Protein chains: 2
Amino acid sequence: MVSMETTATVEPIALLRGAGLRVTDSRIAVIAALADHPHSGVDAVLTAVSMHLPHTSRQAVHNVLNDLTEAGIARRIEPAGQPGLFELRVGDNHHHIVCQRCGAVADVDCVTGHAPCLTPSTTSGFDLTEAEVTFWGICSACKVTQAEPAASAL
Amino acid sequence: MVSMETTATVEPIALLRGAGLRVTDSRIAVIAALADHPHSGVDAVLTAVSMHLPHTSRQAVHNVLNDLTEAGIARRIEPAGQPGLFELRVGDNHHHIVCQRCGAVADVDCVTGHAPCLTPSTTSGFDLTEAEVTFWGICSACKVTQAEPAASAL
DNA sequence: AGGTTGTTTTGACTCTGTCAAAAGAGGGGG
DNA sequence: CCCCCTCTTTTGACAGAGTCAAAACAACCT
C-alpha cells in the first residue's frame with residue numbers, strides 16, 4: 001500500500017471501508033483523482049492514477065469506477081455524444097451544464113432545491129424515480145477562443 | 001421511387017423538399033418509420049425500412065437519420081447507456097421519460113411551457129443554449145412484469 | 001502467517017457509430 | 001425527353017467506448 005497525500009477533503013479509506021469495499025491502491029488513487037478533477041472520464045482518471053501507480057490498467061479503472069458507482073461513492077454522468085464521466089458529489093440532487101463545443105462540464109445546483117426537483121406534466125404510467133437536467137451552452141473559454149476548443153476539456 | 005401509403009400524418013416528400021434534400025426511397029421510408037414508431041434507434045428504423053426496401057444498408061439509415069437531424073426534420077436523443085434514438089417531434093421543447101429497466105421512452109411536455117424551460121441557478125460563465133430534462137422511472141409494463149423486460153422496449 | 005475471497009491484469013470481443021471510395025439515382029438544364 | 005452533374009447509397013474497413021472471462025495477485029479475517 002502506498003501512502004497518499006491527496007486526501008485533504010475526502011477520506012478514501014473511510015469511504016471504501018464504509019461501503020464494504022477492500023482498500024486498494026487503485027481505488028484510493030481513483031478517488032483522489034476524482035476529488036482533484038471531478039467530471040473526469042476513464043482516460044483522465046487513468047492518466048492521473050498512472051502518475052502514482054504506473055502499472056494500472058485501463059480495465060482496472062473501469063472496474064474501480066463501476067464499483068464506486070455501484071457503492072454510491074461516485075456518480076456516473078453521460079452527456080449525449082460523450083463517454084461517461086464520473087464525480088464524487090453524490091446524494092445531493094445537482095445537475096450539469098455542458099459546453100457544446102469543448103465538452104467541459106460544470107455543476108449546477110438543483111433547480112428548485114429538492115429531489116426529484118421537477119415533476120413531469122404527464123408520467124405516461126411511469127413510476128418516477130429521478131429527474132435529470134442537463135444544460136447545454138458555451139463555456140467562457142470557448143466564448144473567447146472561438147477558433148479552437150478549450151484545453152480544459154481534455 | 002416506390003409509392004408509400006404511410007403518409008397519413010406527416011408528408012415526407014414535402015418535408016424533404018422543404019429542407020432542400022433530395023427525395024429518395026430511403027428517406028421517405030425512414031420518415032415513415034419514425035412517424036409510426038417515435039424514439040426508434042437505427043436498428044428499429046432499419047428493420048422497419050427493410051420491409052419496404054429490403055436492400056437498405058445500415059449505413060444508409062445512419063446517413064438518412066443524420067441528414068434529417070441536421071436538416072431539423074428529426075431530433076436525436078441519447079439517454080445515458082442507450083444508443084441514439086430519433087423522433088420527428090421537433091421544434092417544441094418537450095422532454096422524455098425513460099424506463100430504467102427496459103429503456104422504453106415516452107414524451108413529456110415541457111415542464112413550464114417555454115424553451116429553454118428552466119434556468120440554472122448559476123451558469124458558471126456558460127452561455128446557456130438549452131435545458132434538457134430526462135425523467136427516469138419504471139414503465140407500466142415493467143411494473144407488472146417485474147421479472148423480464150417489456151417487449152415494447154426492443 | 002495462511003487461506004479465502006475479492007481485485008487486477010491481460011487480451012479478446014461486442015456494440016455503436018464514422019470514414020472513404022466506388023457505384024448508383026435524383027432532378028434541373030438543354 | 002434525355003443528359004449530366006451532383007448528391008445518395010453501398011460496401012467494407014476502422015475507431016471509440018465498454019464488457020466478458022480466466023489466470024495471477026493482494027487484502028484481510030482468523
Side-chain angles (χ1 to χ4, degrees), chain A residues 1-4 12-31 40-47 49-50 52-71 73-74 76-86 103 153-154, chain B residues 1-4 12-31 40-47 49-50 52-71 73-74 76-86 103 153-154:
Chain A
M1 169 133 0
V2 166
S3 70
M4 305 276 307
I13 297 179
L15 283 175
L16 292 170
R17 288 243 150 80
L21 292 173
R22 285 193 182 168
V23 177
T24 68
D25 286 1
S26 312
R27 287 176 173 165
I28 294 173
V30 167
I31 292 175
S40 291
V42 170
D43 271 17
V45 171
L46 177 59
T47 301
V49 166
S50 295
H52 290 276
L53 308 168
H55 296 301
T56 308
S57 66
R58 182 176 309 269
Q59 179 66 51
V61 174
H62 275 286
N63 288 345
V64 171
L65 287 170
N66 287 341
D67 291 346
L68 294 180
T69 302
E70 279 178 18
I73 293 173
R76 180 194 170 114
I77 64 170
E78 194 178 323
Q82 291 192 42
L85 304 176
F86 297 83
L154 310 176
Chain B
M1 165 127 9
V2 167
S3 71
M4 306 274 309
I13 297 180
L15 283 174
L16 291 170
R17 288 245 150 79
L21 292 174
R22 286 193 183 170
V23 178
T24 68
D25 288 1
S26 313
R27 287 177 174 164
I28 294 173
V30 166
I31 293 176
S40 291
V42 170
D43 271 18
V45 171
L46 177 59
T47 302
V49 168
S50 294
H52 291 275
L53 308 168
H55 297 302
T56 308
S57 68
R58 181 177 309 272
Q59 179 66 52
V61 174
H62 274 286
N63 288 345
V64 171
L65 287 170
N66 287 341
D67 291 345
L68 295 180
T69 302
E70 279 178 18
I73 294 174
R76 179 193 170 114
I77 62 170
E78 194 178 323
Q82 292 191 43
L85 304 176
F86 296 83
L154 310 177

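Below, read A as the first sequence line, B as the second, and so on, with proteins coming before strands; counting in each chain starts at 1. No experiment lies behind these values; they were computed from the predicted model shown.
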Rounded to the nearest angstrom, tell me the gap between atom [atom1] in [X] and atom [atom2] in [N].
{"X": "B/Gln82", "N": "C/dT16", "atom1": "CD", "atom2": "P", "result": "10 Å"}
{"X": "A/Leu21", "N": "D/dC28", "atom1": "CG", "atom2": "C1'", "result": "14 Å"}
{"X": "B/Ile28", "N": "C/dA25", "atom1": "CD1", "atom2": "P", "result": "15 Å"}
{"X": "B/Phe86", "N": "C/dT16", "atom1": "CZ", "atom2": "P", "result": "13 Å"}
{"X": "B/Asp25", "N": "D/dT8", "atom1": "CG", "atom2": "P", "result": "14 Å"}
{"X": "A/Arg58", "N": "D/dA15", "atom1": "CZ", "atom2": "C1'", "result": "13 Å"}
{"X": "B/Leu65", "N": "C/dG17", "atom1": "CG", "atom2": "P", "result": "10 Å"}
{"X": "A/Glu78", "N": "C/dG17", "atom1": "CD", "atom2": "C1'", "result": "14 Å"}

Considering non-hydrogen atoms only, spot the tightest contact between [X] and [Y] and give its length.
{"X": "B/Ala29", "Y": "B/Leu53", "result": "CB-CD1, 3.9 Å"}
{"X": "B/Leu21", "Y": "B/Ala71", "result": "CD1-CB, 3.9 Å"}
{"X": "B/Gly41", "Y": "B/Leu85", "result": "N-CD2, 3.7 Å"}
{"X": "A/Pro79", "Y": "A/Pro83", "result": "CD-O, 4.5 Å"}
{"X": "B/Arg76", "Y": "B/Glu78", "result": "NH2-OE1, 3.3 Å"}

If I take atom OG1 from residue A/Thr56 and atom CG from residue A/Asp25, how far apart are they, to the nearest 0.5 angstrom? 8.5 Å
Using a cut-off of 4.0 Å on non-hydrogen atoms, how would the nucleic acid contact of A/Asn66 be classed: base, sugar-phosphate, or nothing? sugar-phosphate
So what does B/Gly41 hit on the nucleic acid, given a heavy-atom distance under 4.0 Å: a base, only sugar-phosphate, or nothing? nothing
Residue closer to the 5' end of DNA chain D, B/His55 versus A/Gly84 (nearest nucleotide):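 Nearest nucleotide further toward 5': that of B/His55.
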When you measure from the side-chain N and O atoms of [X] to the phosphate of [N], is any distance below 4.0 Å, counting only OP1 and OP2?
{"X": "A/Ser57", "N": "C/dT10", "value": "no"}
{"X": "A/Arg76", "N": "D/dG18", "value": "yes"}
{"X": "B/Thr24", "N": "D/dT9", "value": "yes"}

Between B/Arg27 (side chain only) and B/Arg22 (backbone N and O only), is there a donor and an acceptor less than 3.5 Å apart? yes
Bend angle of the helix from C/dA1-D/dT30 to C/dG30-D/dC1, from helix axes over five pairs at each end, nearest 10°: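 Here the helix ends are tilted 30° relative to one another.
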As a test of reading the structure: which of [options] is closest to the side chain of [X], going by heavy atoms?
{"X": "A/Arg27", "options": "C/dT8, C/dT10, D/dG18", "answer": "C/dT8"}
{"X": "B/Gln59", "options": "C/dT16, D/dT9, D/dG12", "answer": "D/dG12"}
{"X": "A/Arg17", "options": "D/dT10, C/dT9, D/dC28", "answer": "D/dC28"}
{"X": "B/Thr56", "options": "D/dG18, C/dG27, D/dT10", "answer": "D/dT10"}

Closest nucleotide of DNA chain C for B/Val42 versus for A/Asp67: which of these residues is on the 5' side? A/Asp67
Can a side-chain donor-acceptor contact be found between A/Asn66 and A/Glu70 if the only test is distance below 3.5 angstrom? no
Please evaluate the base of D/dT6 for a donor-acceptor partner in the side chain of B/Arg22 within a cut-off of under 3.5 Å?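 By the distance-only test, yes, there is a pair.
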